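Source: prediction; values computed, not measured. Letters A, B, ... mirror the listed sequences (proteins, then strands); counts begin at 1.
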Number of protein chains: 2
Amino acid sequence: MKTTPKTSAKVTIFEVAAEAGVSFATVSRVINNDVHVKPETRQRVLKTMQRLGFVANRQARSLAGGKSNTIGLLVPDLGTAYIGEIIRGIDTELSWSDLDLILYTTHRTAAKEANYVANLAHGMVDGLLLVLPRNPVDYIETLTLRKFPFVLIDHQGTAENCPAVGATNWQGAYTATEYLIQLGHERIGFITGSMDLGCSEDRLKGYRSALRTHHIPDKPELVYEGDFFQPDGYAGACALLDLENPPTAIFASNDVMAMGVLDAVRNRGQRIPDDISVVGFDNIPQSAMVYPPITTVQQPLEQMGRVAAQMLINILKKNEKESNRIELPTELIVRSSTSSPRDRAG
Amino acid sequence: MKTTPKTSAKVTIFEVAAEAGVSFATVSRVINNDVHVKPETRQRVLKTMQRLGFVANRQARSLAGGKSNTIGLLVPDLGTAYIGEIIRGIDTELSWSDLDLILYTTHRTAAKEANYVANLAHGMVDGLLLVLPRNPVDYIETLTLRKFPFVLIDHQGTAENCPAVGATNWQGAYTATEYLIQLGHERIGFITGSMDLGCSEDRLKGYRSALRTHHIPDKPELVYEGDFFQPDGYAGACALLDLENPPTAIFASNDVMAMGVLDAVRNRGQRIPDDISVVGFDNIPQSAMVYPPITTVQQPLEQMGRVAAQMLINILKKNEKESNRIELPTELIVRSSTSSPRDRAG
DNA sequence: CGTTTTCATGAAAGCGCTTGCATGATATTT
DNA sequence: AAATATCATGCAAGCGCTTTCATGAAAACG
């Protein structure tokens, strides 16, 4: 007679205990891998659990144990591949642990973000992963004060001294700009990201530093303020190309805007890279698939997710604040959207 | 003196009750919008809660109330924009309710999927959203038996009679194929999706039906079995173009594979759409951004997510099984990867 | 004005589990 | 062999909340 593990009703540790002939406390110990259980007892209990199809009630465990075995992930939105890559990294890392992931979308609303953080930190999750936080100052202090574990992802904090993983934005922008300069470009347009984000600032600074290093004047009219969305890339390109002395290259602060630039340039009947070179940032998958494939600065997004998850898990385990900020290297990926400027004499 | 809502330690309903001068049961009633609370009492309690920065402990509520206010989302992976779009829809809909979202990735492992479902259904979540389920037969019966709320997304069930939202795959494939036929194509290659998924079968059938309607023989060598990933699109295109009498158009069962086809065709020095027309399926964002923009069958992914979430919420609310399967319409999006076949005499 | 109904509120019993403490049962020591 | 240390296990007190039932007060009734 085969005993089916039919989970018809709820099986509690009591039933398992009764079946296995031990007290429910022992069952609990087995669940929690407590050392103080005789191996053979453990085996017996485990088998019984299996046979009865027992699944521990997470809520109860959380309530009694004081932790939820769940971490919260707060993302601004889900519209872009950017976030997707990061989530993938986090998910990969989490799959090794027994932590669950609760996903929250702030829809880029600062108020909502702070609110979520407050609620989440209130016992719903054991730790928090904050992607591209909008107004972290509002709550980081509280979080730190309460020693609530969290890791910031892709946030160039205002020198806050808290766990974060980011990328070398400055370096990436510097390298890309320098690359354009070495190709012979001297008028290089720049489309910024959302300027309330630290990474946007860093990229802009990297761009400016490269110009300075190479003694190229930094003309303010060549910098257009965008917000990381495609339409702004389009608008930025139009604005830059409408200048009486337009740039020969445009460096967009992310790939999505770079695609907007591509569109704009094409719509104006100009060719890439012959007339205008274009560089993006992020290296999201489709940047390689558009035409022409975009030269871009790779941000190790998936890796950032992984590292952040690791950091958080470590903090959770050791119950102490981990090393502070980790910066993962960016890398220039040269593809077909860049070339030396055409002889402008023509 | 302003009382700061410092959430220094945990505030329980007891403290709120004491502060507000009521019993903790009343506080609970306020939290749960129980009718039996005098309006003025409710106000007083609400204010106290605010002042103290009270946040209800979800775990405790779940344990006591028997529901988690959380729904589980099971996705095969996070690598593609396909899933991202669906999640966006779900997220949007959920943001109106007070349900949380726990995300699980099965990494396309059937065993893991069944396992997750078993665990989740065990009180961790109130309902389940299953995207592109792999081997649902394994657990759907159990779920149905136990009346556990769930909705399948993009699953062409084996006539299971359960809540699901999908798209008119057959119709979409039929329309796209017919469109190619009307352009003058007679040899149309087809790259299938993962054949263990119902939608793949439906698309294949739609393709075949269109051929039949137009009295075009259905040559088996023109159908290549893929798995929805880009490399298979590439491989499929190579295989089809290597035929001694190659097709003049290739219809890939999703956009990602269509991009593989694009690559393959380009690498062979042929041009799209001049030499080969290419059609995809899904209309993921980047299908419009690659070169050339791909003609594709739009699947309303975001909407599918939204509708599925709505269905689940309804089931949860009414505590009864909702209408069964909902099919959202697909639509042919004509872009630049298709044209009439070149005069083959040349 | 006394009685019945209505209604806001309080008291208390859990929800399923973790964990510190107590208790026998072995194992170790001299 | 007696005394002590070690270990497996049981007991019971919560974790913070929901919810049923009981209760006293106010409202409605004759």
Side-chain angles (χ1 to χ4, degrees), chain A residues 7 9-46 48-49 52-70 98 100 119-126, chain B residues 7 9-46 48-49 52-70 98 100 119-126:
Chain A
T7 332
K10 51 190 73 181
V11 182
T12 71
I13 51 172
F14 289 87
E15 337 227 338
V16 176
E19 276 289 308
V22 295
S23 86
F24 66 90
T26 302
V27 178
S28 173
R29 291 205 179 85
V30 171
I31 296 172
N32 293 286
N33 280 313
D34 192 304
V35 253
H36 295 298
V37 178
K38 207 197 298 182
E40 66 179 64
T41 311
R42 180 187 306 280
Q43 282 314 310
R44 188 151 38 92
V45 172
L46 282 174
T48 312
M49 285 182 9
L52 264 45
F54 169 81
V55 179
N57 178 316
R58 208 124 184 160
Q59 268 72 41
R61 293 189 68 182
S62 305
L63 184 54
K67 53 192 162 70
S68 63
N69 298 308
T70 299
D98 69 337
D100 282 331
N119 280 31
L120 289 168
H122 214 91
M124 251 177 81
V125 298
D126 295 341
Chain B
T7 331
K10 52 190 74 181
V11 182
T12 71
I13 51 172
F14 288 87
E15 337 227 336
V16 177
E19 275 290 308
V22 296
S23 84
F24 65 90
T26 302
V27 177
S28 173
R29 291 202 181 88
V30 171
I31 295 172
N32 293 287
N33 280 314
D34 193 305
V35 254
H36 295 297
V37 178
K38 208 198 298 181
E40 66 180 62
T41 310
R42 180 186 306 279
Q43 281 315 310
R44 187 150 39 90
V45 173
L46 283 173
T48 312
M49 287 185 1
L52 264 45
F54 169 82
V55 179
N57 178 317
R58 208 126 182 158
Q59 269 71 40
R61 294 189 68 182
S62 304
L63 185 55
K67 55 193 162 70
S68 62
N69 297 309
T70 299
D98 68 336
D100 282 332
N119 279 31
L120 289 169
H122 215 90
M124 253 176 79
V125 298
D126 294 341

(message) From CZ of R44(A) over to P of dA8(D), roughly how many Å is that when rounded to an integer?
(response) 14 Å
(message) With a 3.5 Å distance limit and no angle check, can you tell me whether T70(A) reaches the backbone of V125(A) through a side-chain donor-acceptor pair?
(response) no
(request) Provide the closest heavy-atom pair for A17(B) versus S23(B) in the form atom of the first, atom of the second, distance. (result) CB-C, 3.7 Å
(request) Five pairs at each end of the helix from dC1(C)-dG30(D) to dT30(C)-dA1(D): take the axis at both ends and give me the angle between them to 10°. (result) 30°
(message) Classify S28(B) by what it touches in the nucleic acid, base, sugar-phosphate, or nothing, heavy-atom distance under 4.0 Å.
(response) base
(message) For T41(A), give me all partners under side-chain contact (heavy atoms from CB on, under 4.5 Å), at least two apart in sequence or on another chain.
(response) V22(A), T26(A), V37(A), K38(A), R44(A), V45(A)
(message) At a heavy-atom distance below 4.0 Å, what parts of residues 59-69 of chain B sit against DNA chain D?
(response) A60(B), R61(B), A64(B), G65(B)
(message) Below the 4.0 Å mark, does dC7(D) have OP1 or OP2 next to a side-chain nitrogen or oxygen of H36(A)?
(response) no
(message) Please report the distance, rounded to the nearest Å, between CZ in F24(A) and P in dA12(D).
(response) 9 Å
(request) Spell out, as yes or no, whether a donor-acceptor pair under 3.5 Å connects the side chain of N32(B) to the backbone of D34(B). (result) no
(message) Distance check needed: dT18(C) C1' versus N33(A) CG, whole Å only.
(response) 14 Å
(request) Report the distance from atom CG of L52(A) to atom CD1 of I13(A), rounding to the nearest 0.5 Å. (result) 13.0 Å
(message) Can you list everything that forms a side-chain contact (heavy atoms from CB on, under 4.5 Å) with A64(B)? Sequence neighbours excluded, please.
(response) none
(message) Regarding V27(B), tell me which of base, sugar-phosphate or nothing describes its non-hydrogen contacts under 4.0 Å with the strands shown.
(response) nothing
(message) Just N and O in the side chain of T12(A): are any of them under 4.0 Å from OP1 or OP2 of dC15(C)?
(response) no
(message) Nearest whole Å is fine: how far is dT18(D) C1' from I13(B) CD1?
(response) 8 Å
Taking N or O atoms only and anything under 3.5 Å, show me the protein contacts with nucleotides 22-25 of chain C, one pair per line.
none

(message) Please find the pair of heavy atoms, one from F54(B) and one from V11(B), that lie closest to each other, and give the distance.
(response) CD1-O, 3.3 Å
(message) Quick check for you: to the nearest 0.5 Å, what is the distance between E19(B) atom CD and F14(B) atom CZ?
(response) 15.0 Å
(message) Is there a side-chain contact between N57(A) and the phosphate of dC17(C), meaning an N or O under 4.0 Å from OP1 or OP2?
(response) no
(request) Find the distance between CD (Q43(B)) and OG1 (T48(B)) and round it off to the nearest 0.5 Å. (result) 10.5 Å
(request) With rounding to the nearest 0.5 Å, note down the distance linking OG in S68(B) to CD in Q59(B). (result) 10.0 Å
(request) Check R29(B) against R42(B) and note the closest heavy-atom contact, atom names and distance. (result) O-NH1, 4.5 Å
Considering only nitrogen or oxygen atoms on both sides, find all protein atoms under 3.5 Å from nucleotides 20-23 of chain D and state each distance.
{"from": "dT20(D)", "atom 1": "O4", "to": "R29(B)", "atom 2": "NH2", "distance (Å)": "3.2"}

(request) Using atom CZ of R42(A) as one end and atom P of dC7(D) as the other, report the distance to the nearest whole Å. (result) 15 Å
